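Single-structure report; data block below.
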Amino acid sequence: MERYEPECVDGTLFLVADDDRVEVGAVDDVVAAVGGDTYSIEYDQKQRTQPWLDTDDGVLEIDVRETVTTLPHTEETVSELREYGMETERYGLPRRTVEFADRFVDVLERQGREDS
């Protein structure tokens, strides 16, 4: 499965694989759609016993700006994002940007659930 790597050019986020490049939108707009520069994931008592989770209070703070510019995505995710245009708006932001932010939050939240 092909992975799309994030690339930031002049503050605009793209997902890139081989000769394919999809614009996601301004990184600032993605951060705004996620809800801010930091996103918190809370883990329950059982999840806190995992050795890879290095947190005392069960909360992991994610740097949204850093993560959206480093986290690769699947071909399926990019294909779904293509269905949304940059010219249409949702909440005053390009629809594709908002859909990307929603999927990004879903990825973060799956890390905090037992079934992930």
Side-chain angles (χ1 to χ4, degrees):
M1 175 179 280
E2 191 169 19
R3 302 292 286 181
Y4 280 72
E5 298 291 331
E7 181 179 292
C8 188
V9 178
D10 297 329
T12 300
L13 181 65
F14 297 88
L15 297 177
V16 179
D18 294 329
D19 59 348
D20 192 20
R21 181 181 173 118
V22 176
E23 181 179 355
V24 172
V27 173
D28 289 343
D29 288 346
V30 173
V31 170
V34 169
D37 286 316
T38 304
Y39 189 86
S40 300
I41 301 173
E42 291 187 37
Y43 293 87
D44 64 26
Q45 281 298 97
K46 185 176 179 183
Q47 292 169 322
R48 291 180 203 176
T49 62
Q50 300 299 315
W52 55 266
L53 183 60
D54 186 21
T55 175
D56 293 331
D57 59 359
V59 176
L60 188 62
E61 299 286 331
I62 305 294
D63 182 321
V64 172
R65 192 171 301 273
E66 177 185 342
T67 307
V68 297
T69 58
T70 56
L71 183 69
H73 295 275
T74 65
E75 188 174 357
E76 180 182 356
T77 297
V78 173
S79 177
E80 291 171 3
L81 289 173
R82 284 184 203 279
E83 296 176 17
Y84 302 100
M86 294 298 293
E87 65 284 345
T88 58
E89 288 190 1
R90 186 171 190 192
Y91 312 120
L93 299 172
R95 180 76 189 258
R96 185 181 300 157
T97 304
V98 173
E99 294 298 331
F100 174 82
D102 287 348
R103 283 166 176 74
F104 176 75
V105 168
D106 287 345
V107 168
L108 295 180
E109 287 298 322
R110 281 196 307 265
Q111 300 306 314
R113 288 195 311 232
E114 190 173 52
D115 61 348
S116 60

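As the structure is a computational prediction, the values presented were derived from the model and not from experiment. These numbers come from the heavy atoms of this one structure, side chains and all, not from hydrogens, waters or symmetry mates.
- Salt-bridge annotation for R90 and E99: present, with a side-chain N of the basic residue lying under 4.0 Å from a carboxylate O of the acidic one.
- Under the 4.5 Å side-chain heavy-atom criterion for Ile, Leu, Val, Met, Phe, Trp and Tyr, V30 and Y39 are members of the same hydrophobic cluster.
- Judged purely by atom type and a 3.5 angstrom limit, T67 uses its side chain to pair as donor or acceptor with the backbone of D63.
- Linking ILVMFWY side-chain heavy atoms closer than 4.5 Å, directly or via other members, places V16 and L13 in two distinct hydrophobic clusters.
- In the hydrophobic clustering (ILVMFWY side chains linked at under 4.5 Å, chained through shared members), L93 is joined by Y91, V98.
- Applying the salt bridge (charged side-chain N to carboxylate O under 4.0 Å, His left out) rule to pairs touching residues 8-20 yields D20-R82, sequence neighbours excluded.
- Judged by distance alone, the side chain of T69 and the main-chain N or O of E66 form a donor-acceptor pair under 3.5 Å.
- Between the CG atom of L15 and the CG atom of L71 there is a distance of 9.5 Å, given to the nearest 0.5 Å.
- Within the 4.5 Å cutoff, the side chain of E109 has no heavy atoms near those of the D106 side chain.
- Looking at residues two or more places apart in sequence or on another chain, you find a side-chain contact (heavy atoms from CB on, under 4.5 Å) between E23 and T12, F14, M86, R96.
- Cluster annotation: I41 and V68 are assigned to the same hydrophobic cluster (Ile/Leu/Val/Met/Phe/Trp/Tyr, side-chain heavy-atom contacts under 4.5 Å, transitive).
- Placement of F100 and V105 within a single hydrophobic cluster is found when ILVMFWY residues are connected by side-chain heavy-atom separations under 4.5 Å, directly or transitively.
- The closest donor-acceptor contact from the side chain of T77 to the backbone of H73 lies at 3.5 Å or more, if one exists at all.
- Contact check for T88 versus P94: no side-chain heavy atoms found under the 4.5 Å cut-off.
- You'll find the side chain of I62 reaches within 4.5 Å of the side chain of L60, heavy atoms only.
- Separation of atoms OG1 (T70) and CD (E5) is listed at 9.5 Å; rounding is to 0.5 Å.
- Taking A26 as the reference, D29 meet the side-chain contact (heavy atoms from CB on, under 4.5 Å) condition, with sequence neighbours excluded.
- Remark: V59 engages S40, E42, D57, E61 in a side-chain contact (heavy atoms from CB on, under 4.5 Å) (not counting sequence neighbours).
- Residues Y4 and E75 come closest through the heavy atom pair CE1-CA, 3.8 Å.
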*Derivation of the side chain to side chain contact (heavy atoms under 4.5 Å, CB included) call for E2 and V78*: CA-CA 10 Å; E2 191 169 19; V78 173; over 6 Å; no
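- Looking at V24 and E7, their side chains never come closer than 4.5 Å, going by heavy atoms from C-beta outward.
- What you find for A33 and A101 is that their closest heavy atoms are CB-CB, 3.5 Å.
- By the side-chain contact (heavy atoms from CB on, under 4.5 Å) test, E76 is found to be paired with T74, E80, residues two or more places apart in sequence or in another chain being considered.
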